[in-house]
Amino acid sequence: MSTELAKTYDAAAAQTRWVEHWLNHGYCNADPDPQRQQHTIMIPLPNVTGALHMGHCLNGTVQDLLTRWRRMQGRVALWMPGTDHAGIATQAVVERRMLEEEGLTRHDIGREALVQRIWKWKNDYEARILNQLKQIGSSCDWRRVRFTLDDVCSRAVRRTFFRMFGDGLVYRGKRLVNWDTYLQTAVADDEVFHEDVAGHFWTMNYPVVDAAGQPTGRRISFSTTRPETMLGDAAVCVHPTDERYSELVGQMVRIPVCGRTIPIIADGLLADKTLGTGAVKVTPAHDPNDYACGLRHHLPMLNILNPDGTINENGGEFQGLDRFEARRQVVARMEALGHLEKVEDRIIPIMHSDRSKTAIEPFLSDQWFVRMDELAQNAIDAVEDGRVRFFPQRYARTYVDWLAEKRDWCISRQLWWGHRIPVWSQPAGQGDQRIASLSAFGAELLPDGRIQFPECWREQLAATLAPGLHPGEELILCCVDAGHDQLEQQLGALGFVQDEDVLDTWFSSALWPHATLGWPDQQRNPPMLGEPAPAVTGTNEVLNYFYPGSVLVTSRDIITLWVARMVLTGLYNMGDVPFRHVYIHPKILDGLGQTMSKSRGNGVDPLELIEKYGTDAVRFTIASLCGETQDVRLPVGYECPHCQAVTPQTKEHQDMKPMGGPNPSIKCAKCKQSFQFPSPWFTPDDGAPVARIVSERFDYGRNFCNKLWNACRFAFMNLEGYTAAPVAEADLQVEDRWILSRLSSTLREVTLMLDRYQFDQATRAVREFTWNEFCDWYLELLKPRFRNPESKAVAQRVLVVVVDTLLRLLHPFAPFITEELWHKLNELAPERGLTDPVRRSESVMMAEWPTLPISRIDEALEKRFERLQQTIIAVRNVRSVYGISPAVQLKLFMRCTPEVAEQLQAVAGQFDFLSKTMLEAAGLDISRPAGAASFSLGDADGYIPLEGLIDRQAELTRQTKEAEKLRGFIRGHEGKLSNAGFMAKAPEKVIAEIQETLAGLKAQLASVERILAELS
RNA sequence: GGGCCCAUGGCUCAGUUGGUUAGAGCGUUCGGUUCACAUCCGAAAGGUCACAGGUUCAAGUCCUGUUGGGCCCACCA
């Protein structure tokens, strides 16, 4: 068995090894155990649209850190993995690719085929995403992987919709959508973009008519950029306080091109006195603001467009014309009739579809909604009474404010990829005007084809359907729960057809916390990946045990879309909140403070980082950035493919576009060679060397891992002959007690900070201990002890305890390197412990989160140790200031009290190792030897004879400067103490502290002055 | 337009309920081939805490305003 650790840590090898090891041993699995407390985290399901990016990496790091920590604390820690079908985003990606590569649209291949293609895409990307998660060390229970469209989740979706339908929480209504007339589909708000287009601004007028429809002679003027919409006008609107029009409000106008008469109304939200003529035409079916106004004034919603963008039958003589042609003809007609006043050229912002690049038409269509009033109120209550707590707390406000609007939630989407709305309807003209919710135990289908349903449906029908129905139309809507295939077939046979639309993606992700655990099945546990369905036991232990979750870890932009809705559905379906805590982590920005994204060309690829720095380094760095105040800025740079030098990315780089000829390139400042780089504006030329985007901030984590590795390497090299045995308190050296004291403090600090989700502070504490205390001081102090056979054994035992504890402490932050080192430690020192050495667990992942008795913290001892440190620092300072070679042995004289002298003598041996200096003498009777450099520590003065080396003038200057600095501080403190207000009002404790400090400063000044006197 | 957040050495960030001399990493300068580590060691320089007022015995920290930046929401006939 070799005690030698490889000279450098091989991150890639360790990662492969331990990912597999953990999986094989089932360490990530979490099964209900009534004897132990649970800890549940549900992953914020990544979209299957593409690979993971830095945001996911940060999100995953935090969750894994928490999961590993809680697991080590003895909890049954479940981290539930899974992915989201992400309706619109995924369908869009697949459609775009299909169009680019094959020139096909979804209409060419049909619903079935498209959905099949998307499933294929989903399978590829899901595999890729899950693999990425594994690569960053995620200790998810991989047996429980879920997907929002899998059977378990689908069932939950169906049941939720069914329940809401039955409770009257779901209704069908009208809503304006962004209609792409080219693709003939609705597109989401985030799939449209504004583009300024040269257009016209027409000012026209409508004649005011009397009750008999005869012109009164007055006219009312308005301006518009879309004259053809006047075919669907429902009113002309003015501001209620606009005196120009006040006597016209309530009168009627006639639309000259179609002869309809419409009212003049007053609406302060829509009309603005200062704009245009102050009057505006209202087209509720074709403009979002007009739509809202139409609702307020109960105006008819007249749709004038066909899905392909031509004018429909409501457009009278303009029927069949494309909307732009109709616009020309309407304008011509208005002009011919003498109602056109003027035309201006104007740049108009027009919404365009991301996908077809054609202009969007606001289009009124049937949509499904969830009534939010009561559901939202319950979700607000849960946060306000503390059942759900936000970290940092301020985000609770975002959540509450949004929910308080209680805007009904539009849950239908005109897509093919998603959960199809489980409602069947009978075409108009057949059957009664009814709405029904069918299930095996609810309403049922009668032999004669009628549906027996609860009486309450009649009322709901009247309340929710009437606005969407034209007179004479009749409609039956049936909602069917999951698992009733036969019923669906029967409905089909009766001529019912299922709604074409699918549910909003957030509808299914809102159920994630309980759907993934098998809800609504209360009879058995949810099925696991690749295993047969579990036996019916009459109870779903998994759901009961792991719900509600412990903490949700996510970023602030989906507090409303997702967090709020999970709470809402959790309360509705489970009667309890889905999680107790919500930790909102920072967002990752580039060096310019912009969000990272591919479309900006500033994205750093987590897998490339992992390749370059190692997973632990990336995780450790990320954790160090996760505080609660600010977003995280990662200045990025291009790594030269020739020499690896990094060129910082600037705005100019981001904006560089091809100007003809070869694509833009950057010249490396170091090796003077050129390279191309990833950009949203072009793909690098074939064969050209391409830089990758990196961020040097990850050096932080890499350097730390290197330090840890080498510290352990050193420790392991010195473990030869190690035997486990209890260490008597009396055998502990000063530095042993010191490091154990510091270790205890660190432990306490890290645990506390993790508890508060302050990962930056936890990381800082553990790094400082490891580097500045363990490595810089303790390991150095051990070196002489290892050379002495008598002191070796105790040193080894204490060292082993510290390393053992440290590895456990670090494991959640850096799982791979700690596991690698832990296994080595298990070989070298299988049994370890201060009082009763024991064999630790095989894997550090399953080891206990360390605890040390609070009594190990010894502040008096730490203070004494600090003096030793300061003495050595002062000696090094003198050496550095006078440029004395580190090889030269120095002598040190200390003037101090006998007590301090004794303490210094006790560690005299250490001076030699830490500063190549011999402590010659210490005591009250020491005076400055001739030609010595001096320093003052407050309660002790040090002298280092430097015969011939010291420049007396320089030393004088140095000490004078020091004295000046001290006098400045003293002045400040004395000023405070002589301030009557301060003495009268400041707490005694503060006054005492100031006095104490002042005394210290004065003592220090006195010794500096003595040194000065001796010098001159 | 509404809401939230941020502004601290060249860069990236800490700074607990106001209370000793404002800290760290990177970078910079100087010095180091000490048998764990140059991904390292030692030392140093570098800050009127964005600006202007106010509260207080005391302000980086609390309040008001200004400027600059970020995010979310709403809106722009």
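Because the structure is predicted, anything quoted here is derived from the model rather than measured. Each chain gets a letter, A, B and so on, in the order its sequence line appears, and its residues count up from 1.
Here the separation of B/A52 from B/A59, taken at their P atoms, is 15 Å to the nearest Å. A gap of 10 Å separates the C1' atoms of B/C62 and B/U56, to the nearest Å. Atom name C1', nucleotides B/A58 and B/G19: the rounded distance is 7 Å, in whole Å. Remark: the separation of the P atoms in B/G65 and B/A24 is 36 Å, to the nearest Å. The P atoms of B/C4 and B/C40 are separated by 44 Å, rounded to the nearest whole Å. Using atom C1' as the reference point in both B/U8 and B/A22, the two lie 8 Å apart (nearest Å). Look at the C1' atom in both B/U20 and B/U61: the space between them is 16 Å, to the nearest Å. Between the C1' atoms of B/C37 and B/A44, the separation comes to 23 Å (whole Å).
Mapping A/Leu589 and A/Asp699 onto RNA chain B by nearest heavy atom places A/Asp699 at the nucleotide closer to the 5' end. Residues A/Asp401 and A/Glu768 each lie close to RNA chain B; by heavy-atom proximity, the contact nearer the 5' end of the strand is made by A/Asp401.
Here A/Phe201 lies in heavy-atom contact (under 4.0 Å) with sugar-phosphate atoms only. Within the 4.0 angstrom heavy-atom criterion, only backbone atoms of the sugar-phosphate kind lie near A/Ser223; the bases stay farther away. Within the 4.0 angstrom heavy-atom criterion, only backbone atoms of the sugar-phosphate kind lie near A/Arg556; the bases stay farther away. Using a 4.0 Å heavy-atom cutoff across all strands shown, A/Ala617 reaches no nucleic acid atom at all. Residue A/Arg767 is classed as a sugar-phosphate contact, given heavy-atom separations below 4.0 Å to backbone atoms only. Among the heavy atoms of the strands lying under 4.0 Å from A/Phe969 is at least one base atom, whether or not backbone atoms are also near.
Every residue two or more places apart in sequence or in another chain that forms a side-chain contact (heavy atoms from CB on, under 4.5 Å) with A/Ala645 is listed here: A/Cys643, A/Cys668, A/Lys670. With sequence neighbours excluded, the residues satisfying side-chain contact (heavy atoms from CB on, under 4.5 Å) with A/Asp760 are A/Gln758, A/Arg764. Residues passing the side-chain contact (heavy atoms from CB on, under 4.5 Å) test with A/Asn718 are A/Phe714, A/Phe786, sequence neighbours excluded. Residues passing the salt bridge (charged side-chain N to carboxylate O under 4.0 Å, His left out) test with A/Arg397 are A/Asp401, sequence neighbours excluded. For A/Gln870, the side-chain hydrogen bond (donor to acceptor under 3.5 Å, both in side chains) test picks out no residue, with sequence neighbours left out. Listed by chain and residue number, nothing satisfies the side-chain hydrogen bond (donor to acceptor under 3.5 Å, both in side chains) test with A/Asn877 (two or more places apart in sequence, or in another chain).
Distance, A/Ile588 CD1 to B/C5 P: 22 Å, rounded to whole Å. Between the CD atom of A/Glu696 and the P atom of B/G10 there is a distance of 19 Å, rounded to whole Å. B/A58 atom C1' lies 16 Å from atom CD of A/Gln995, rounded to whole Å. Put simply, CG on A/Leu403 is 15 Å from C1' on B/G3, counting in whole angstrom units. If you measure from atom CD1 of A/Ile559 to atom C1' of B/G3, you get 12 Å, rounded to the nearest angstrom. Atom CD1 of A/Ile584 is separated from atom P of B/C6 by 15 Å (rounded to the nearest Å). Distance, A/Gln889 CD to B/U34 P: 16 Å, rounded to whole Å. The distance between atom CD of A/Gln393 and atom P of B/C4, rounded to the nearest whole Å, is 14 Å.
For A/Arg879 (side chain) and A/Lys916 (main-chain N/O), a donor-acceptor pair under 3.5 Å exists by modelled atom type. Within the 3.5 Å criterion, the main-chain N or O of A/Phe222 finds no donor-acceptor partner in the side chain of A/Glu341. A/Thr283 places no side-chain N or O within 3.5 Å of a backbone atom of A/Ala285 that could act as its donor or acceptor partner.
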When you compare the protein's N or O atoms with those of nucleotides 12-20 of chain B, which come within less than 3.5 Å of each other, and at what distance?
| residue | atom | partner | partner atom | Å |
| --- | --- | --- | --- | --- |
| B/U12 | O2' | A/Arg697 | NE | 3.2 |
| B/U12 | O2' | A/Arg697 | NH1 | 2.1 |
| B/U12 | O2' | A/Arg697 | NH2 | 2.2 |
| B/C13 | OP1 | A/Arg633 | N | 3.0 |
| B/A14 | OP1 | A/Thr629 | OG1 | 2.5 |
| B/A14 | OP2 | A/Gln630 | NE2 | 2.7 |
| B/A14 | O2' | A/Arg764 | NH1 | 2.4 |
| B/A14 | O2' | A/Arg764 | NH2 | 3.3 |
| B/U20 | O3' | A/His973 | NE2 | 2.9 |
| B/U20 | O2' | A/His973 | NE2 | 3.4 |
| B/U20 | O2 | A/Thr997 | OG1 | 2.2 |

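Side-chain contact, A/Thr203 with A/Ser223: a donor N or O sits under 3.5 Å from an acceptor N or O.
Identified under the salt bridge (Lys or Arg N to Asp or Glu O under 4.0 Å) test for residues 982-1005 of chain A, with sequence neighbours left out: A/Glu974-A/Lys1002. For residues 695-705 of chain A, the salt bridge (Lys or Arg N to Asp or Glu O under 4.0 Å) pairs, not counting sequence neighbours, are A/Asp699-A/Arg702. The stretch residues 609-627 of chain A participates, sequence neighbours left out, in these side chain to side chain donor-acceptor pair (under 3.5 Å) pairs: A/Tyr9-A/Asp616, A/Gln15-A/Thr615, A/Asp64-A/Arg619, A/Lys612-A/Glu639.
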_Output the pairing pattern of RNA chain B as a dot-bracket string, 5' first, Watson-Crick or G-U wobble with both distances under 3.5 Å, | for cross-strand pairs, [ ] for crossing pairs._
(((((((..((((.....[...)))).(((((.......))))).....(((((..]....))))))))))))....

*Which letters describe nucleotides 35-44 of chain B, given B = protein heavy atom under 4.0 Å from base, S = only from sugar-phosphate, - = neither?*
-BB-BSSBSS

